[in-house]
Number of protein chains: 2
Amino acid sequence: MDAATTLKNHDLRVTKIRLAILEALGDGHQAKPYGELQAALGEFDRTTLYRTLLALIEKGLIHKALEENGESYYALCGGCTTHAHTHDHIHFKCNDCGTVECLHLSNEIGFSLPGVDIDSLEITAKGTCSACSA
Amino acid sequence: MDAATTLKNHDLRVTKIRLAILEALGDGHQAKPYGELQAALGEFDRTTLYRTLLALIEKGLIHKALEENGESYYALCGGCTTHAHTHDHIHFKCNDCGTVECLHLSNEIGFSLPGVDIDSLEITAKGTCSACSA
DNA sequence: TTATTTCTGCAACATTGTTGCAATTTGTTA
DNA sequence: TAACAAATTGCAACAATGTTGCAGAAATAA
Ligand SMILES: [Mn+2]
Ligand SMILES: [Mn+2]
Ligand SMILES: [Zn+2]
Ligand SMILES: [Zn+2]
């Protein structure tokens, strides 16, 4: 399915910057930092980029993978909608090359804490990616 | 042990703002957002607050619990030093009252991912705290 | 093609991050 | 205690990101 169809399926009009963001995020396995997105989308006003990211998040097309040192990383979603955001995967950041990957776990992680009722979990792992450990 | 002694033990001079920050962070079970710290420490220049937080983190007295929507949350460490930062606990944020707690798990969480070598984990849970679920 | 709705770019301002530097404060030594 | 050296603070200054209002442009519906 092409990006234009994806946008329509999520109640979003097809515009240049939306197509450009989806293209910039590539295959969805990696998250891109805001700064890199802004650089790649330099032809557009940064306010538009800001609002477009909000819209794509809201409609379930992308998600914020992590925030670090004031910079947010964004990645494609797989199968989310406005009313159902499901991100049961972890984010792995390589301390060496800085790459941030969206990785699915084979076995589910679950635990409970006394007194509190857990709705969602965000897990960020750091270490060395396969490319950098070779 | 009082705050002044704690500072000395971590190779830090005893100054007003450092004592004030340690006092503002209370008993260490909860993390405070930057904005709240800045408000509580209004008598000091914000650059000094910025650099003092960096120094306290570096020396192992406090840690950044989480970053959310461009705001960082800080909490006291327990037993960290400049050369050994160990934070084997999770951060829980209540969706209702916004409180962020540092919670230790009874059982260790560990998992592996194919191809990558994991050095550290950051886990943030969200839900409803005991006070808000009552 | 026209009308309606949505989106974009621009201006404007707030907040946080960050560095340099001179004045002040702290800890040390005589 | 006084003088000294080292570390810390406050202020100015600038960068980056977040955020809103609004008018013109673009996308869809009729
Ligand atoms: Mn992800
Ligand atoms: Mn903590
Ligand atoms: Zn790597
Ligand atoms: Zn609560």
Side-chain angles (χ1 to χ4, degrees), chain A residues 2-24 31-74 82 98 100, chain B residues 2-24 31-74 82 98 100:
Chain A
D2 67 338
T5 306
T6 304
L7 287 172
K8 288 175 189 163
N9 288 345
H10 289 258
D11 292 310
L12 286 169
R13 293 185 174 183
V14 179
T15 69
K16 270 178 73 180
I17 192 173
R18 288 172 184 171
L19 293 172
I21 290 177
L22 294 181
E23 185 187 3
K32 282 213 177 182
Y34 170 81
E36 220 169 283
L37 282 177
Q38 195 183 331
L41 301 166
E43 68 173 298
F44 304 98
D45 187 85
R46 74 186 187 81
T47 308
T48 304
L49 172 57
Y50 166 72
R51 279 193 270 228
T52 305
L53 290 172
L54 287 183
L56 294 179
I57 288 174
E58 148 116 38
K59 298 299 184 179
L61 276 168
I62 68 175
H63 64 283
K64 192 181 282 191
L66 68 92
E67 277 181 71
E68 188 179 60
N69 298 125
E71 188 163 44
S72 297
Y73 290 67
Y74 299 90
T82 300
V100 174
Chain B
D2 65 338
T5 307
T6 303
L7 287 171
K8 289 174 189 163
N9 288 344
H10 288 258
D11 292 308
L12 286 169
R13 294 186 173 184
V14 180
T15 67
K16 274 178 70 179
I17 192 173
R18 288 173 184 170
L19 293 172
I21 289 176
L22 293 181
E23 186 186 2
K32 281 211 177 183
Y34 170 81
E36 219 170 282
L37 282 177
Q38 195 181 332
L41 301 166
E43 68 172 299
F44 304 98
D45 185 85
R46 75 186 187 82
T47 307
T48 303
L49 173 57
Y50 165 73
R51 279 193 270 229
T52 305
L53 290 172
L54 286 183
L56 294 179
I57 288 174
E58 147 117 36
K59 299 298 184 179
L61 277 168
I62 68 174
H63 64 281
K64 191 181 281 191
L66 69 91
E67 276 183 70
E68 188 179 59
N69 298 126
E71 189 163 42
S72 297
Y73 289 68
Y74 299 91
T82 300
V100 173

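Naming: A, B, ... by sequence-line order, numbering from 1 per chain.
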Comparing B/Glu71 with B/Leu12, nearest DNA chain C nucleotide closer to 5' gives the residue B/Glu71
Rounded to whole Å, CG of B/Leu53 lies from P of C/dG17 at a distance of 9 Å
Taken to the nearest whole Å, CD/A/Glu67 to C1'/C/dT15 is 14 Å
Side-chain atoms of B/Tyr34 come closest, of D/dT9, D/dC11, C/dG17, to C/dG17
Shortest non-hydrogen pair, B/Ala3 vs B/Leu19, comes out as CB-CD2, 3.7 Å
When rounded to whole Å, the OH to P distance for the pair A/Tyr50 and C/dG9 reads 16 Å
Side-chain atoms of A/Ser72 come closest, of D/dG18, C/dG9, C/dG20, to D/dG18
(message) Measuring only between side-chain heavy atoms, which start at C-beta, is A/Leu22 closer than 4.5 Å to A/Leu7?
(response) yes
DNA chain D nearest-nucleotide lookup for A/Thr15 and A/Arg51: closer to the 5′ end is A/Arg51
Here the distance between atom C1' of C/dC7 and atom CG of A/Leu19, to the nearest Å, is 13 Å
To the nearest angstrom, the CD-C1' distance between B/Glu43 and D/dT8 comes to 15 Å
Rounded to whole Å, the CD-P distance (A/Glu68 to D/dT17) equals 14 Å
Out of D/dG10, C/dT8, C/dT16, minimum distance to the side chain of B/Gln38 belongs to C/dT16
From CD1 of A/Ile17 across to P of C/dG9 the rounded distance in Å is 6 Å
When rounded to whole Å, the CG to C1' distance for the pair A/Asp11 and C/dC7 reads 15 Å
Of B/Asn69 and B/Arg13, the one whose nearest nucleotide on DNA chain D sits closer to the 5' end is B/Arg13
Looking only at D/dT19, D/dT9, C/dG9, the nucleotide nearest the A/Arg46 side chain is D/dT19
Tell me whether the count of non-hydrogen atoms from other residues, nucleotides or ligands lying under 6.0 Å of CD in A/Glu23 goes above 12. no
